[in-house]
Amino acid sequence: EDQVTQSPEALRLQEGESSSLNCSYTVSGLRGLFWYRQDPGKGPEFLFTLYSAGEEKEKERLKATLTKKESFLHITAPKPEDSATYLCAVQARGGSARQLTFGSGTQLTVLP
Amino acid sequence: DTGVSQDPRHKITKRGQNVTFRCDPISEHNRLYWYRQTLGQGPEFLTYFQNEAQLEKSRLLSDRFSAERPKGSFSTLEIQRTEQGDSAMYLCASSSPRLPGDEQFFGPGTRLTVL
């Protein structure tokens with residue numbers, strides 16, 4: 001069974017204080033690892049897809065990296081508007097299955 | 001095109017009533033997914049359609065839940081004889097095989113409260 005564990009559950013940062021969020025996963029063949037941002041009361045917003053170990057993707061203050069067992073979301077010099085819950089999900093390879101298995105998320109608060 | 005839309009955004013019902021939610025995917029996306037999310041948890045997969053065919057159903061989807069996508073466009077999710085444990089956010093997502101990573105784009109969700 002595919003599993004995703006995210007840590008920490010919650011993270012409070014001062015504006016400009018860089019940090020990393022962790023996503024550990026087990027999956028029977030990885031098709032893709034996805035990062036989403038979710039604001040309260042809204043649906044998840046797509047950020048990145050990573051496919052293979054060693055891959056990195058960047059968007060503004062965010063950079064996602066992937067190894068064979070985990071992914072990191074690095075946040076550089078965060079701003080209060082980066083406050084949200086960040087979700088990690090995996091999609092397994094094979095068959096007709098396309099569903100995502102999500103972790104419980106990391107709730108990030110950036111204080112001004 | 002403004003993305004995935006869901007209706008209603010909020011639904012309050014009494015235990016034992018039936019409810020139906022609608023999802024309109026991004027127009028060129030032929031894959032459609034339903035997820036359920038409870039407070040403090042990530043979304044949990046419920047079911048998946050490719051065009052009008054329902055290809056995957058989660059063990060979470062009891063007999064009280066049914067989903068349809070009759071013409072391969074919009075989809076409906078019906079819950080019969082609602083229970084308090086059904087209270088959650090119901091999310092719809094869509095994707096296209098033309099996208100390089102088959103990324104799923106989510107709608108705003110329908111918040112269900114069962115009293």
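For clarity, every value in this text was computed on a predicted model and none was experimentally measured. Lettering of chains follows the sequences in order, A, B, ..., and the numbering in each one begins at 1.
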Which bit of A:Leu100 comes within less than 4.5 Å of chain B, counting heavy atoms only: side chain, backbone, both or neither?
->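 Both backbone and side chain of A:Leu100 come within 4.5 Å of chain B.
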Most heavy-atom pairs under 4.5 angstrom with chain A, which of B:Pro43, B:Gly109, B:Pro108?
->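 Looking at each option in turn, the highest pair count goes to B:Pro43.
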Choice from B:Arg111, B:Gln6, B:Arg31 maximising heavy atom contacts with chain A below 4.5 Å =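 Most heavy-atom pairs within the cutoff with chain A belong to B:Arg31.
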Between A:Glu56 and A:Thr65: side-chain donor-acceptor atoms closer than 3.5 Å =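 Side-chain D/A pair, A:Glu56 to A:Thr65: absent.
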Which region of B:Gln37, side chain (C-beta onward) or backbone (N, CA, C, O), has a non-hydrogen atom less than 4.5 Å from a non-hydrogen atom of chain A, or is it both or neither?
->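 Only the side chain of B:Gln37 comes within 4.5 Å of chain A.
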Using a strict 4.0 Å threshold on nitrogen-to-oxygen distance, state whether B:Asp86 and B:Arg64 make a salt bridge.
-> yes
Around A:Glu9, counting heavy atoms of other residues, nucleotides and ligands shown, do more than 12 lie under 6.0 Å from its CD?
-> no
May I ask you to check whether B:Phe106 and A:Tyr36 place their ring centres under 6.0 Å from each other?
->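 Yes; B:Phe106 has its ring centre under 6.0 Å from that of A:Tyr36.
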